[in-house]
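Given the structure is predicted, the values throughout are model-derived calculations rather than measurements.
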Amino acid sequence: MMRRHIRATVTVVATAFLTPLLTASPAPASPARPTDGARTPADCRPALQVLASLPGTGGSQVKGLGPNALAVGSSHDLPVYWTGKQVHRLPLPAGFTGGEVAAVNAKGLMAGSLHGPGRTAAFSFRAGARTVTLLPEGAHAADVNDRGLIVGDGVKGGALAGLVWDGTRIHRRLAPPAGYSLTSVTAINDAGQIAGSGEAVKDDESWSAGLFWSARSSDAAVPLQRFWPAGVPYDFWYPRDIDRAGRIVGTHDFTRLDTRTPTQWLPPYTTESEPGLLGERTSGTFEAISPTTNVSVGTALDSHMVGPFPPETAPPPQAQIWPGTGPLLALPRLSPDGASEANAVSDDQRVGGSAVDAASTPRAVIWTCALRQAYRP
């Protein structure tokens, strides 16, 4: 499908060679200070915790953080949760071979997705249960709030359908705005506000936009600004998380230059802001925002089109954190040349994700007291 829209002129500055980032675990010259509401627990001790993995080969990653050192995610493509550093495998129903736990709320309710030959399913789970609970009509579950509402999607009539579950019943069906089709449902906050993304098509034109659903089921979904409802098919927006104040974070993907940019939308969602990139990196994402302290995390990358050149001079991807104001900051790597990513952040400054160790294996990790160990590269 050809898509055309007007875009502001982009000036590309190509850097011939970038000196790889220092990857030991350096402390910043001036330690990063929590800002804009970010609070540091009194007993906060900076550390990079490596969590246990299931037996076998493959990677592990943290996708969500719960209470009392509870974390959730996947290990070797199997859904797991951790208590402290100890890993626990979820029981898989017959017909499923893998999956992940995508989120956990403050009461320990988990939500995620399973897959097997020719099928996927959304599920919920609590530690100690004998089996997962499959959610009706669900293909994927993306998030769960502290009221126990789970958001995700299913497929109906060949199209993606947004769903909200309350226990084992469908609580709400999420219709996209008029003229749009749904491409994702990604997050819900405790107020019941929901974020996702969609695509609109008109004649031979189409465009992408982030989407927002208010807590009132009678309200229609609204597109998050900015987007162009006419033009070339280069811009895509992917909201990933929403905090209790309704702040939404995600990523703007400008495919023409292979650049992704961390993005934030604030109520009433009439503008989109981009806080920049990490150091000299040319791309990056936001994946999560803390519930109340406005701390966002994601991954710093580099564009194959913008540079550096040659591409192999670019450092590996690196987990990044933003305290809500000022520049983005890097989180220490697990090994000097190992990639890392951040997928979740809590109000007490834990950041969950994955980091490659000296044996080139992606390990599930948690950065504790993350802002105290964050630094400007």
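- For the residue pair Q264/W322, the side-chain donor-acceptor check at 3.5 Å is not satisfied.
- Sequence neighbours left out, the pairs with a member in residues 104-115 that pass side chain to side chain donor-acceptor pair (under 3.5 Å) are D77-H115.
- With contacts defined as side-chain heavy-atom distances shorter than 4.5 Å, the pair Q225/W265 does not qualify.
- I194 and R172 make their closest contact through CD1-NH1, 4.2 Å (heavy atoms, listed as atom of the first residue, atom of the second, distance).
- Here the options are D146, D347, T292, the test is side-chain hydrogen bond (donor to acceptor under 3.5 Å, both in side chains), and the partner is R244; only D146 passes.
- Residues satisfying the side-chain hydrogen bond (donor to acceptor under 3.5 Å, both in side chains) test with Y269, not counting sequence neighbours, are none.
- Scored by the side-chain contact (heavy atoms from CB on, under 4.5 Å) test, T259 finds F254, L257, S303, V306 as partners (sequence neighbours excluded).
- When atom types are taken as modelled, the side chain of W213 and the backbone of A175 share a donor-acceptor pair closer than 3.5 angstrom.
- Between F212 and Q193 there is a side-chain heavy-atom pair separated by less than 4.5 Å.
- Under a 3.5 Å cut-off, the side chain of S75 and the backbone N or O of S60 do not form any donor-acceptor pair.
- Side-chain atoms of Q349 come within 3.5 Å of backbone N or O of L371 as a donor-acceptor pair.
- Separation of atoms CD (E287) and OG (S296) is listed at 11.0 Å; rounding is to 0.5 Å.
- Defined by atom type and a distance below 3.5 Å, a donor-acceptor pair is missing between the side-chain atoms of S335 and D357.
- Within the 4.5 Å cutoff, the side chain of V297 has no heavy atoms near those of the S290 side chain.
- In terms of heavy-atom proximity, P267 sits nearest to A245 at CG-O, 3.7 Å.
- The hydrophobic cluster around Y81 extends to L51, L54, V62, L65, L70, V72, L78, V80, W82, V87, L90, L92, F96, V101, V104, M110, L114, F123, F125, V132, L134, I366, counting ILVMFWY residues whose side-chain heavy atoms fall within less than 4.5 Å of a member.
- Here R260 contributes atom CZ and T282 contributes atom OG1; the two are 10.5 Å apart, rounded to the nearest 0.5 Å.
- Residue R169 places its CZ atom among more than 12 non-hydrogen atoms of other residues, nucleotides or ligands, all under 6.0 Å distant.
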For residues 148-165, which side-chain donor-acceptor pairs fall under 3.5 Å, sequence neighbours excluded?
from : atom 1 : to   : atom 2 : distance (Å)
D153 : OD1    : H140 : ND1    : 3.0
W165 : NE1    : P136 : O      : 2.9

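- Taking OG of S273 as the reference point, atom NE2 of H252 lies at 13.0 Å (rounded to 0.5 Å).
- T186 places a side-chain N or O within donor-acceptor distance of the main-chain N or O of A195, the cut-off being under 3.5 Å.
- Contact annotation: the side chain of E274 approaches that of E272 to within less than 4.5 Å [non-hydrogen atoms, C-beta and beyond].
- When atom types are taken as modelled, the side chain of Q373 and the backbone of T368 share a donor-acceptor pair closer than 3.5 angstrom.
- No donor-acceptor pair closer than 3.5 Å links the side chain of S340 to the backbone N or O of R333.
- Proximity of S197 to P239: side-chain heavy atoms (C-beta onward) are separated by under 4.5 Å at one or more points.
- The shortest distance between side-chain heavy atoms of S53 and R363 falls below 4.5 Å.
- With rounding to the nearest 0.5 Å, the separation of CG in N189 from CG in D143 is 9.0 Å.
- By the 4.5 Å heavy-atom criterion applied to side chains, R350 and Q49 are not counted as neighbours.
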Would E199 and T183 satisfy side-chain hydrogen bond (donor to acceptor under 3.5 Å, both in side chains), going step by step from the backbone distance to the final call?
CA-CA 7 Å; E199 185 175 66; T183 55; over 6 Å; no

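- Listed by chain and number, the residues in a salt bridge (Lys or Arg N to Asp or Glu O under 4.0 Å) with D253 amount to none (sequence neighbours excluded).
- The side-chain heavy atoms of T251 and T263, taken from C-beta on, include no pair separated by under 4.5 Å.
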